[in-house]
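Working notes for the structure below.
Numbers restart at 1 for each chain; the letters A, B, ... are given by sequence-line order, proteins then strands.
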Amino acid sequence: MDIASKYDPKNTEQKWYDFWIENRFFASKPDHRTPYTIVIPPPNVTGVLHMGHMLNNTIQDVLIRRARMRGYNACWVPGTDHASIATEAKVVRKLREEGIKKGDLSREEFMKHAWEWTHKHGGIILQQLKKLGASCDWDRTSFTMDEKYYQSVIDTFIDLHRKGKIYRGERMINWDPVAKTALSDEEVIYKEGLGKLYHVSYKVVGSDEVINIATTRPETILGDTAVCIHPNDDRYKHLHGKKVIVPLVNREVPIITDEYVDMEFGTGCLKVTPAHDTNDYDLGKKHQLEVINMMNDDGTVSEAGKLYIGMDRFDVRKQIVEDLKSSGNLIKVEDYQNKVGHSERTDAVIEPRLSLQWFVDMKDLGKPALDHVMNDDIKFYPPKFKNSYRNWMENIKDWCISRQLWWGHQIPAWYTGDGQYAVASSLEEAHAQLLLKNPSLKKEDLKQDPDVLDTWFSSWLWPISVFNGFYSKEEINYYYPTQDLVTAPEIMFFWVARMIIAGYEYMGEKPFTNVYYTGIVRDKQGRKMSKSLGNSPDPIDLIEEYGADGVRVGMLLTSPAGNDLPFDVSLCEQGRNFANKIWNAFRLVNGWESRTENRAMTGSDEVAIRWMKSRLQQVLEEIDDDYEKFRISEALMSLYKLVWDDFCSWYLEMIKPGFEQNMSRETFEATRSIFENLLKILHPFMPFLTEELWHHLNERKSADEAIVVSAWPMRVAYDKTILENFKEFEEIVTAIRNVRKTQNIPNKESITLKMFSSASFDSPFTDNIIRLCNISSIDKVNESDKSWTSFMVDSNEFFIPMSSNADMEAEKERIIKELDYTKGFLASVMKKLGNEKFVNSAPPAVVESENKKRQDAESLIRVLEEKLVSLG
RNA sequence: GGGUGAUUAGCUCAGUUGGUUCAGAGCACUACCUCGACAAGGUAGGGGUCACUGGUUCGAGCCCAGUAUCACCCACCA
């Protein structure tokens, strides 16, 4: 068979993915096995794959594939999120480009457009995940707007309302004037920015005096209904009970006093705009101030503002500053660093706004969710995130869940014209409820709440609703709680915390056992990869170039849990190179199959095999342990070294037959078996390459023998002594190669090795030394031979004849350097041993080791000195 | 303003109870090598006062205190 010298992923990826799907290896249904479940963090239905998804889903796939191989009933549930505000914004933009305004459409018409958009773009991202190799059970693909899912969201709302945990109320909320909707606190991103602090004078009624206030938002002057000072502020004590005139609008408002005011800040005097600031709203309530809502839902000035009606808030700010200057009320303007809230989705500057919205009362709901994370029923990786979680949960605020949007789950509340309402599962039920209070009420008079629910009010049910858990026990009892959740820390409060809350509320049980937080994928300069910066490679392009396996390895090489991943394509290159290395190891082993003969293996083969098997077991032990601790990168790196260094560089070199020589059949079979085990351990990281080689390496007669469903290697007791012997062997071989190099002895030239050993040196690897280093013989001698060059390994001294090519001066220099260093080292050891306190308090093993260090150093010094003498 | 974490080789990071194997790994770098698997490769090598300052200890990358810098999260200071 002629096999290309380079691995080409294009020949394998689609082939094997189709094979896996055809054989339904990713499909799961409840059976007698123990389940191992992961629910995907559902990406936005109309989104496209970015690097964050790549990292996240690669980790999930690694975990689920390994679980499958370990005999669990592995179930990875894929799906998408309707992403209410994000999707609606996209649809609105697309309609606008077509000249259609959302306002001109009926709800039904708009929804039709939105569904069209969803069907057109929805699921692209899921197709992309298949390219990555994601082994999801695609039959289970869920969408938060699916019929059953939709119903579970509505029923949850009704249930929480019945329990008194959902209420409707007028509160200050975060208003997005672009999307024209309320947002939860979590959807507001505060950004630091350079603004201005305007000092404005207000005239005191009945006197010539003025009072100066400082504000960052002069346009809200239109809504001022008081000025507030600190009761103990001596500067203003004489003004208690007086009134001032709001400039431009010329409204008389009271001066109130409240300890809320910071006397040190600005002028120590605060204007109060209850309708447009959360603190001012509280002050207004406390002091029973008038509330003037001077802004429309789109951020323009309302009739109530009296001036600048219809103008945008930012234009008004510029204009009012000009007008205040003209009227002489503007005292000064300072630069001022402050934080301004922006909408997470539209980036619009948030407007605090008084509004009637629906809220979830979070106080009691949050309690079990806090406790079970703190006591590690649910484990966070890395655990440091427990702190922020606790912080948030302990200060949890009510959750504003209504959104003034159409794309989403419509709130199941019906209103009469006169402010009564009922929450019910249907118009009929709502009508029946309201009839009790108002017997003459007609069904036609009821109007359903036009608003929809926050996206997260549907996704917090994800681990339950994807198994239809609200309506049937069949699947949920089997798959719930799930095992691992892999997600980004950014959505810990949005999603993770709320899933935990919903889990305990509705299942009485945690939704998952482990939460693995991935880091942020950054570019070389440390910037977050984002579409707007254009610094993010297209993952699909990367897969095209480096292969899915290469990219997967690249993503995981340096991404410990919770740490950011500084991404560079060179990582994918490293992954690709690794795939190629394995491919070529296969080519070598494969080539031997036709060169085997039936004879007993040689002793050196036997040693090599025994060592390699032990080494594999040792690393398997490490890797299993790494997985337990979610140290995925470490597991991959151990495997990388096991394959590249131990298997390729050492093992294969040891058993490699000489030119035109054959290999013992036994050795070949043992090697094939080792290779197969390596492929298995590699499979979760590199599914495509390993499946390909698995079939090449051995004929697999039925599909069920595929590596994807093969059994994870067994852990067995292994020979630790040979691992120690190997280390010594490795050191000797490296030293001999080093001598060859420094003395310019060609590898082809056979050399003699002499060995002087104080103890008995008897390495099982002796024959391997001879083979690997082209040694003609190893002679044990009883004394040092000063005319030969030497090196020491442990307490053994090895000699190689000086080559005529050797550079004597360089050799002398090297010896002097080593001598100096060793003398210094010995001095420090002696100092330690001369310290009575050390000898008395250190454990005997430590003292003993120091003694051995001394002996070794002393004999090395002796050797080096003799050598120096002989060199002249 | 509060909290959390970090600082170890050029880069990205390991370093579990203080003591053999503690100063490590991968990449990058240097030199040599087309040798019958692989140049996407091989062999060998160079490189760090473990952020700083003190302290505890026979002994500190690790424990304690302080300082500096960075990062993230939370918070309504006009």
Side-chain angles (χ1 to χ4, degrees), chain A residues 3 5-7 172 190 197-198 213-217 220 228 260-262 264-273 277-282 336 338-339 341 352 382 384-392 395 489-490 492-493 520 524 526 546 550 557-560 562-566 568 570-571 573-592 629 631 633-634 636-638 640-641 644 648-649 652-653 656 658-660 724 727 734 737-742 744 746-748 832 835-843 845-850 852-853:
Chain A
I3 306 169
S5 69
K6 291 203 172 19
Y7 169 58
M172 285 302 284
Y190 286 90
L197 190 62
Y198 302 91
I213 59 92
T215 179
T216 52
R217 304 195 50 200
T220 60
C228 189
Y260 163 75
V261 177
D262 178 357
E264 306 297 315
F265 187 88
T267 58
C269 186
L270 176 72
K271 74 186 203 59
V272 185
T273 321
D277 184 280
T278 314
N279 301 306
D280 291 10
Y281 177 71
D282 294 340
Y336 183 65
N338 69 340
K339 283 185 176 174
K384 65 175 179 182
F385 286 116
K386 277 167 77 176
N387 290 318
S388 3
Y389 181 82
R390 182 176 58 199
N391 199 277
W392 190 76
N395 300 293
E490 295 119 270
M492 182 160 63
F493 308 132
I520 294 166
K524 264 197 240 173
Y546 299 101
L557 271 171
T558 57
S559 42
N563 269 32
D564 289 356
L565 165 60
D568 188 273
S570 67
L571 288 166
E573 203 174 310
Q574 195 182 345
R576 179 200 61 183
N577 293 355
F578 185 40
N580 197 50
K581 183 73 184 177
I582 299 164
W583 174 260
N584 276 290
F586 160 73
R587 287 178 68 215
L588 178 65
V589 172
N590 184 63
W592 290 337
K629 296 171 178 152
R631 295 158 56 110
S633 292
E634 281 85 350
L636 174 58
M637 187 47 74
S638 300
Y640 181 91
K641 286 188 281 194
W644 201 306
C648 294
S649 297
L652 292 180
E653 291 301 330
K656 188 184 270 184
F659 187 53
E660 290 190 339
E724 289 304 312
K727 278 184 190 162
T734 302
R737 285 169 175 165
N738 189 9
V739 170
R740 275 187 184 277
K741 187 147 280 195
T742 52
N744 300 313
N747 290 329
K748 283 176 187 157
K832 229 183 209 179
N835 185 334
E836 224 174 279
K837 281 182 178 171
F838 169 76
V839 179
N840 293 335
S841 13
V846 175
V847 179
E848 199 181 314
S849 102
E850 290 300 317
K852 177 152 189 323
K853 279 186 199 168

Given that both distances must come in under 3.5 Å, which nucleotide forms a Watson-Crick or G-U wobble pair with [N]?
N: B/A51; answer: B/U67
N: B/U57; answer: none
N: B/G10; answer: B/C27
N: B/A78; answer: none
N: B/A40; answer: none

Check: [N] base within 3.5 Å donor-acceptor of [X] side chain:
X: A/Lys741; N: B/U43; answer: yes
X: A/Asn835; N: B/C58; answer: no
X: A/Glu264; N: B/A78; answer: no

*From A/Ser388 OG over to A/Phe493 CZ, what is the distance, rounded to the nearest 0.5 angstrom?*
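The CZ atom of A/Phe493 is 5.0 Å from OG of A/Ser388, to the nearest 0.5 Å.
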*Out of B/G26, B/U4, B/A78, which nucleotide sits closest to the side chain of A/Lys384?*
B/U4
Suppose you measure atom [atom1] in [N] against the same atom in [M]; what distance do you get, rounded to whole Å?
N: B/A28; M: B/A40; atom1: P; answer: 12 Å
N: B/U16; M: B/A51; atom1: P; answer: 14 Å
N: B/G2; M: B/G48; atom1: P; answer: 40 Å

*asked:* Tell me the interatomic distance from A/Lys748, atom NZ, to B/C33, atom C1', rounded to whole angstroms.
replied: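 So the NZ-C1' distance, A/Lys748 to B/C33, works out to 11 Å.
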